Amino acid sequence: MLTDLENLASGQSAALSTATPVVAIVGATGAVGVELLNCLSARNFPLGGLKLLASARSAGRTLTFNGTELLIEELTEDSFDGVDIALFSAGSGISKRFAPIAVKAGAVVIDNSSAFRMEASVPLVVPEVNGEVLHQHRGIVANPNCVAAIATVALAPLHRAHPIRRLNISTYQAASGAGAAAMEELRLSTAAYLAGEAFEPKVLPHPYAFNLFSHNADMDPDSGYNGEELKVIAETRRILHVPALPIGITCIRVPLLRAHAMAISIEFDQPVSPQEARSLLEAAPGLRLVDDRAANHFPMPSEASGADDVLVGRIRTDIGDPSGRTLAIFVAGDQLLKGAALNAVQIAERLLENVVRKS
Ligand SMILES: NC(=O)c1ccc[n+]([C@@H]2O[C@H](COP(=O)([O-])OP(=O)(O)OC[C@H]3O[C@@H](n4cnc5c(N)ncnc54)[C@H](OP(=O)(O)O)[C@@H]3O)[C@@H](O)[C@H]2O)c1
């Protein structure tokens with residue numbers, strides 16, 4: 001698949017050449033797509049044009065952008081003529097099929113799906129963590145898994161100062177990570193529960209209201225780890241440039257509409273004091289310290305929802321490691337923003353900076 005892409009990219013420039021690009025959103029009606037629209041608007045992205053693409057089910061409907069109604073078009077092979085940047089958020093299958101077509105038509109693709117994240121020729125980018133790899137792209141840039149993106153924003157400043165030698169992560173993941181239909185299922189099942197009515201789950205595998213369950217990604221029966229956990233492990237290693245970093249992880253779906261939280265134990269080569277970690281995290285881009293022991297106020301999904309910054313706190317020595325080399329932190333981030341749409345738009349902004357610098 002990528003061999004085709006590499007052939008494509010070698011025959012033409014994959015670089016963005018305009019500072020006012022025409023942007024297409026593939027999956028504009030989805031949970032991430034809607035946030036892509038919000039981010040482009042909120043950040044005053046210098047658009048040369050905007051094209052909204054979704055399935056035939058949505059074609060002909062409209063979405064409002066900056067007060068203007070924009071028509072949604074059906075995604076087809078001809079959708080990318082004149083498009084400079086294509087933001088994909090319609091699932092892996094759509095990305096695998098249509099991203100090469102978009103690149104061939106001259107667009108740079110920023111892909112929210114997992115289709116290309118582990119391809120060597122596709123950079124996997126969190127701008128404030130490993131933005132330096134962005135220039136390696138040959139037409140496609142991958143946006144990481146939402147847990148990996150949020151976790152690495154908090155881990156990178158610590159890792160730069162003191163190499164991390166092991167991680168243990170437990171997640172508390174919201175419905176929005178499974179898309180707009182899962183959010184609706186949480187709303188409807190909660191209403192049914194409160195009304196004392198029966199509810200048959202259709203999107204998620206288990207009752208969601210007042211419940212939590214092991215992440216719904218496919219389970220690998222041999223290892224006992226699910227697909228979400230395996231993605232977080234592989235992508236965190238890649239983003240932090242530590243290919244063999246030992247990572248233990250348990251991913252759990254909790255009945256929140258939006259924003260993921262995670263408890264992370266971080267083992268270093270040497271002891272790192274909570275005070276130093278606090279200073280490093282406080283100074284880092286994309287993070288907000290929420291670490292008030294006296295008020296028992298730490299990162300919460302309710303405060304992370306709608307926020308660009310990832311919240312980090314509960315910074316303490318992990319007393320489960322007698323060597324003193326492990327810190328424990330708690331993190332919450334809006335996975336529709338930093339875990340998806342915001343990160344994608346930040347990547348697009350970095351691509352534009354390169355155009356402006358060269359001109
Ligand atoms: N949700 C998150 O937090 C998150 C985070 C990181 C990455 N991602 C990734 O982003 C992608 C989208 O996720 P989501 O949560 O936004 O899902 P979603 O709410 O289910 O939205 C899916 C989108 O894909 C479109 N689509 C489906 N089939 C299509 C087709 N045949 N042709 C064109 N468009 C089609 C849908 O259009 P219709 O409305 O017309 O069906 C809709 O716009 C997925 O790859 C997901 O893994 C999601």
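Quick caveat, the model's predicted, so the values are computed rather than measured. Every number for a ligand or one of its atoms is a count from 1 in the order of the listing.
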(message) Can a donor-acceptor pair be found, under 3.5 Å and without considering hydrogens, that links the side chain of Asn343 to the backbone of Val125?
(response) yes
(message) With a 3.5 Å distance limit and no angle check, can you tell me whether Arg258 reaches the backbone of Ser302 through a side-chain donor-acceptor pair?
(response) no
(request) Show which residues join Tyr172 in its hydrophobic cluster (side-chain heavy-atom contacts under 4.5 Å, direct or indirect), or state none. (result) Leu212, Ile252, Val254, Leu256, Phe330
(request) Give the other cluster members for Leu337, using side-chain heavy-atom distances under 4.5 Å between Ile, Leu, Val, Met, Phe, Trp and Tyr residues; answer none if it is isolated. (result) Leu342
(message) In the structure I gave you, are the side-chain heavy atoms of Asp269 and His162 within less than 4.5 Å of one another anywhere?
(response) no
(message) Just to verify, what does Phe199 make a ring pair (Phe, Tyr, Trp, His ring centres under 6.0 Å) with, not counting sequence neighbours?
(response) none
Distances for all N or O pairs of ligand 1 and the protein under 3.5 Å?
{"unit_1": "ligand 1", "atom_1": "1 (N)", "unit_2": "Ser176", "atom_2": "O", "d": "2.8"}
{"unit_1": "ligand 1", "atom_1": "3 (O)", "unit_2": "Gln335", "atom_2": "NE2", "d": "3.3"}
{"unit_1": "ligand 1", "atom_1": "16 (O)", "unit_2": "Ala31", "atom_2": "N", "d": "3.2"}
{"unit_1": "ligand 1", "atom_1": "16 (O)", "unit_2": "Val32", "atom_2": "N", "d": "2.9"}
{"unit_1": "ligand 1", "atom_1": "19 (O)", "unit_2": "Ala31", "atom_2": "N", "d": "2.8"}
{"unit_1": "ligand 1", "atom_1": "19 (O)", "unit_2": "Ala180", "atom_2": "N", "d": "2.9"}
{"unit_1": "ligand 1", "atom_1": "34 (N)", "unit_2": "Ser55", "atom_2": "N", "d": "3.3"}
{"unit_1": "ligand 1", "atom_1": "37 (O)", "unit_2": "Thr29", "atom_2": "OG1", "d": "3.1"}
{"unit_1": "ligand 1", "atom_1": "39 (O)", "unit_2": "Thr29", "atom_2": "OG1", "d": "2.5"}
{"unit_1": "ligand 1", "atom_1": "39 (O)", "unit_2": "Ser58", "atom_2": "OG", "d": "3.1"}
{"unit_1": "ligand 1", "atom_1": "40 (O)", "unit_2": "Ser55", "atom_2": "N", "d": "3.1"}
{"unit_1": "ligand 1", "atom_1": "40 (O)", "unit_2": "Ser55", "atom_2": "OG", "d": "2.6"}
{"unit_1": "ligand 1", "atom_1": "40 (O)", "unit_2": "Ser58", "atom_2": "OG", "d": "2.5"}
{"unit_1": "ligand 1", "atom_1": "41 (O)", "unit_2": "Ser55", "atom_2": "OG", "d": "3.4"}
{"unit_1": "ligand 1", "atom_1": "41 (O)", "unit_2": "Arg57", "atom_2": "NE", "d": "3.2"}
{"unit_1": "ligand 1", "atom_1": "41 (O)", "unit_2": "Arg57", "atom_2": "NH2", "d": "2.8"}
{"unit_1": "ligand 1", "atom_1": "43 (O)", "unit_2": "Gly27", "atom_2": "O", "d": "3.1"}
{"unit_1": "ligand 1", "atom_1": "43 (O)", "unit_2": "Thr29", "atom_2": "N", "d": "3.3"}
{"unit_1": "ligand 1", "atom_1": "43 (O)", "unit_2": "Thr29", "atom_2": "OG1", "d": "2.6"}
{"unit_1": "ligand 1", "atom_1": "43 (O)", "unit_2": "Gly30", "atom_2": "N", "d": "3.0"}
{"unit_1": "ligand 1", "atom_1": "45 (O)", "unit_2": "Gly91", "atom_2": "N", "d": "3.1"}

